[in-house]
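Order of the sequence lines fixes the chain letters, A, B, ..., with proteins taken first and strands second; residue numbering starts at 1 for each chain. When reading the values below, keep in mind they use all heavy atoms of this one structure, side chains included, and skip hydrogens, waters and symmetry mates.
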Amino acid sequence: MHIGHLRNSVLGDTVARVFKWLGYSTEVCNYIDDTGVQVVDVVTALLYLDPPFFKEGASDFKSIWEKIPKDQPFDYFCWDLYARFQGEVEKDPSLKERREEILHQIEGEQPPVAIFAKDLATRIVQSHLETVAQLSIFYDLLNWESDIIHQGFWGATFEILKERGGLRFETEGPNKGCWVVPFGGIVETSDGVKSLDKILVRSNGSVTYTGKDIAYQLWKFGLLKKDFLYQTWGKQANGEELWTTDKDGQPRDRLLKQFGNADRVINVIDVRQSYPQEVVSECLRQMGFEKEAERSIHLAYEVVNLSPQAAHVLGSEETEEKRSVAMSGRSGTGVKAKDFIEMVKKKVVEKAGHPLEESVSNALASAAIRYYLLKFTLESQIVFDFDEALKTTGDTGVYLEYAHARACSILRKAEERKIIFHWGKEAVPAQLTETERDLMEVLSRFNSVVVRTGKNLRMSQLTEYAFNLATSFTNFYEHPDPGSDVQTPFIHLQDENLRTFRLSLVRAFQIVMGNMLRLMGMPTLERI
RNA sequence: GCGCCUGUAGCUCAGAUGGAUAGAGCUACGGACUUCUAAUCCGUAGGCCGGGGGUUCGAAUCCCUCCAGGCGCGCCA
């Protein structure tokens, strides 16, 4: 899991928080691609790359599990192994054959390899969930691709598609023997004749990713006769139960749980998936699910790339002449999510100038990272650079936390001095100062900003507003009486009405800023 | 070839439904801490909003065109 995946997780989690705030009931699903090439490659590598090798027909994987080092996170080990395997498989054709065998066994759900693969995927997922939990990211349900296959989702989808039209069996042309969705026909391009039609079933009878995705989308809307079986995964740090699909689980009516049946679906997937996502909603439309197609929203965001300097640091060679370098699991170049979190934590501690409690440095790092990943617009490619990403001053999450903590400190000091204040109209001065007026104006925009963000799904508008809010507060704090030579601390004000007014503004800020931080999934620190 | 996206200060980016003198952070330089928290604040410097044309009382924003860059158009996932 690298920082690109982190952008996805942070965006999705924030969208969910906004909708919850707006009163919608939300369900956050995490799709686990446990039958894809990555898992197949790692399984093959684990069984056949280093001794002791897996013996055909054996059912005991103890010696295989023992190969895994204990001194690093499991997903790190898999990351390196996967990258290494890409090189090895080029050199050794027998590994290619092994990979084919593994693929078939996993697809065919044949024990013991399929069970081993599932165990392996489970451990990786566990590791990823631990990582994102550090950024307060939680889910409601894990949806396993293997369960989509196992429960026969595709069969049911295939029937509907055939019934309602919109699916065609090709008897000639480049897609001969495939079931396709007509999506533009044959086109001549610079590199030969191509079909724009989307293949859902290959000529060998297997289903493509898009095919499964259509089935999954139907399930999300409750349009499929089929359903998963479910099981609890465990309690998360936010106190909520996480559920998972599981072929040995329980039907949902037995669990008295509600999954799927959405009336709106937001798929948070990077912009490179725009075309297949369009195919998914177009298929829904052609199946007669006009309304659901309309309410299938692809929240497309640009990818995270590496700056040439960052790529160089990570040992990538293709840095020259490029503005940005794509991260690649195959070559193993990428900033790992856990590393990034640790780096920011270290930076925060360095910058503090005084000892920080672990919980505070964790909180600051979390705020800094979420802010950094949210503040870019969806269309903006993040060119990751270490200096830029590790900033703790200015337009950062740390600034927000600091402003919030400062407000808390003022209120705490006021309480210590036994200053009691109650908001009342009579406390409002006849003439507001510029910074007072500005802060009140920004505070009043909170609701409309959240509503707007819920409509346009542009989470960067939250960070933008939060930064304006924090700036207005800081200005008010530094210059409550702009133009005057002396700025009297609020708690020292002699004029009781003015003191009440300004402390009330501090409290209002503290409440609104706290709401903003929670909306963006950032901790609310009372002191730093 | 077709489609989508991007181009705003030295750097990284905001500018929702067209609106006044285009904003912020970083960087550079100069200032302000025995304080309600200086991870802050104030000041200076920095712009033909990629180029050209159009619509409009008014364009960074809408339309056309050109230039530059990224992505997509797999019987990969």
*Check: A/Thr208 side chain, B/C75 base, donor-acceptor under 3.5 Å*: no
*Report the residue (A/Pro480 or A/Asn204) whose heavy-atom-nearest nucleotide on RNA chain B is the more 5′ of the two.*
A/Pro480
*Specify the separation, in whole Å, of atom CG of A/Asp270 and atom P of B/C4.*
19 Å
*When the distance from NE2 of A/His404 to P of B/A39 is rounded to whole Å, what number comes out?*
18 Å
*Nearest listed nucleotide, side chain of A/Tyr275, among B/C71, B/C73, B/A77*: B/C73
*Using the P atom in both, what is the distance from B/C13 to B/G74, to the nearest Å?*
31 Å
*Now, which nucleotide makes the Watson-Crick or G-U wobble pair with B/C13, with each of the two distances under 3.5 Å?*
B/G23
*Hey, what's the ring geometry for A/Phe467 with A/Tyr399, parallel, tilted or perpendicular (30° and 60° as the breaks)?*
tilted
*Quick one, give me the B/S/- string for nucleotides 7-22 of chain B, reading 5' to 3', where B means a protein heavy atom under 4.0 Å from the base and S means that only happens at the primed atoms, P, OP1 or OP2.*
-----SSSSB------
*A/Leu103 CG to B/C76 P, straight-line distance once rounded to whole Å*: 11 Å
*Side chain of A/Phe467 (C-beta onward), nearest among B/G25, B/U37, B/C36*: B/G25
*Between B/C75 atom C1' and A/Trp154 atom CH2, what is the distance in whole Å?*
13 Å
*Using atom P of each nucleotide, how far apart are B/C11 and B/G50 to the nearest Å?*
14 Å
_Using the P atom as the point on both nucleotides, what is the distance between B/A9 and B/G1, in whole Å?_
30 Å
*Searching all strands shown, indicate the nucleotide that pairs with B/C36 (Watson-Crick or G-U wobble; both distances under 3.5 Å).*
none
*asked:* Any base atoms under 4.0 Å from A/Glu379, or only sugar-phosphate, or nothing? Heavy atoms, all strands.
replied: sugar-phosphate
*With sugar-phosphate meaning primed atoms plus P, OP1 and OP2, does A/Thr393 contact a base, only sugar-phosphate, or nothing at under 4.0 Å between heavy atoms?*
sugar-phosphate
*For A/Glu357 and B/U37, give me the distance from atom CD to atom P, rounded to whole Å.*
17 Å
*asked:* Suppose you measure atom C1' in B/A45 against the same atom in B/A28; what distance do you get, rounded to whole Å?
replied: 8 Å
*Within the structure shown, what part of the strands sits under 4.0 Å from A/Leu356 by heavy-atom distance: base, sugar-phosphate, or nothing?*
base
*Please give, in whole Å, the distance from B/U37 C1' to A/Phe473 CZ?*
10 Å
*Using the C1' atom in both, what is the distance from B/U37 to B/U44, to the nearest Å?*
28 Å
*Nearest-Å distance once atom C1' is located in both B/G19 and B/C62*: 14 Å
*So what does A/Lys176 touch, heavy atoms closer than 4.0 Å: a base, only the sugar-phosphate, or nothing?*
base
_Please confirm whether the shortest side-chain N or O distance from A/Arg527 to OP1 or OP2 of B/A39 is below 4.0 Å._
no
*asked:* If I take atom CD in residue A/Glu401 and atom P in nucleotide B/U40, what distance separates them, rounded to the nearest angstrom?
replied: 13 Å
*Is any side-chain N of the basic residue among A/Glu302 and A/Arg7 closer than 4.0 Å to the acidic one's carboxylate O?*
no
*Is A/Arg502 salt-bridged to A/Asp481, going by a charged N under 4.0 Å from an acidic O?*
yes
*For atom P, what is the distance between B/A22 and B/A60, given to the nearest Å?*
9 Å
*Is B/C48 paired to anything, Watson-Crick or G-U wobble with both distances less than 3.5 Å, and if yes, which nucleotide?*
none
*Before accepting this row, confirm whether a basic side-chain N of the pair A/Arg285/A/Glu278 lies closer than 4.0 Å to the acidic partner's carboxylate O.*
no
*asked:* Taking any heavy-atom pair under 4.0 Å as a contact, classify A/Gln273: base, sugar-phosphate, or nothing.
replied: base
*Are side-chain heavy atoms of A/Ile199 and A/Asp197 found at a separation under 4.5 Å?*
no
*Heavy atoms under 4.0 Å, any strand shown: does A/Val398 hit a base, just sugar-phosphate, or nothing?*
base
*Can a donor-acceptor pair be found between the side chains of A/Ser331 and A/Thr333 at a distance below 3.5 Å?*
yes
_Who pairs with B/U56 - Watson-Crick or G-U, where each distance is under 3.5 Å_ = none
*For A/Ile528, which contact category applies under a 4.0 Å heavy-atom criterion: base, sugar-phosphate, or nothing?*
base
*Does B/C75 pair with anything, Watson-Crick or G-U wobble, both distances under 3.5 Å, and if so, with which nucleotide?*
none
*From the list B/C71, B/C75, B/C36, which nucleotide is the closest neighbour of the side chain of A/Cys178?*
B/C75
*Run the salt-bridge test on A/Asp34 and A/Lys118 with the 4.0 Å N-O cut-off and return the result as yes or no.*
no
_Tell me which nucleotide, if any, is Watson-Crick or G-U wobble paired with B/A68 when both distances must be under 3.5 Å._
B/U6
*Verify whether one side chain among A/Arg412 and A/Ser409 offers a donor that lies under 3.5 Å from an acceptor in the other.*
yes
*Classify the nucleic acid contact of A/Ser274 as base, sugar-phosphate or nothing, counting any heavy atom under 4.0 Å across all strands shown.*
nothing
*Determine the contact category for A/Ala403: base if any of its heavy atoms lies under 4.0 Å from a base atom, sugar-phosphate if only primed atoms, P, OP1 or OP2 are that close, otherwise nothing.*
nothing
*Closest listed nucleotide, where the reference is the side chain of A/Asn175 and the choices are B/U40, B/G69, B/C75*: B/C75
*Kindly assign one of parallel, tilted or perpendicular to the pair A/Trp179 and A/Phe158, based on the angle between their ring planes and the thresholds 30° and 60°.*
perpendicular
*Do A/Thr463 and A/Phe376 touch side chain to side chain, with heavy atoms closer than 4.5 Å?*
no
*For A/Tyr399, which contact category applies under a 4.0 Å heavy-atom criterion: base, sugar-phosphate, or nothing?*
sugar-phosphate
*asked:* Checking base pairs now: Watson-Crick or wobble, both atom distances under 3.5 Å. What partners B/C41?
replied: B/G31
*Using a 4.0 Å heavy-atom cut-off across all strands, classify A/Ala352 as base, sugar-phosphate, or nothing.*
base
_Beyond-backbone contact of A/Phe473 with A/Val442, side-chain heavy atoms, under 4.5 angstrom_ = no
*Is there a donor and acceptor pair, one atom on the side chain of A/Tyr402 and one on the base of B/U37, closer than 3.5 Å?*
yes
*Rounded to whole angstrom units, what separation is found between the OH atom of A/Tyr465 and the C1' atom of B/A24?*
17 Å
*Closest nucleotide of RNA chain B for A/Thr35 versus for A/Leu364: which of these residues is on the 5' side?*
A/Leu364
_Does A/Val506 reach a base, just sugar-phosphate, or nothing at all? Heavy atoms under 4.0 Å._
nothing
*Classify the nucleic acid contact of A/Asn475 as base, sugar-phosphate or nothing, counting any heavy atom under 4.0 Å across all strands shown.*
sugar-phosphate
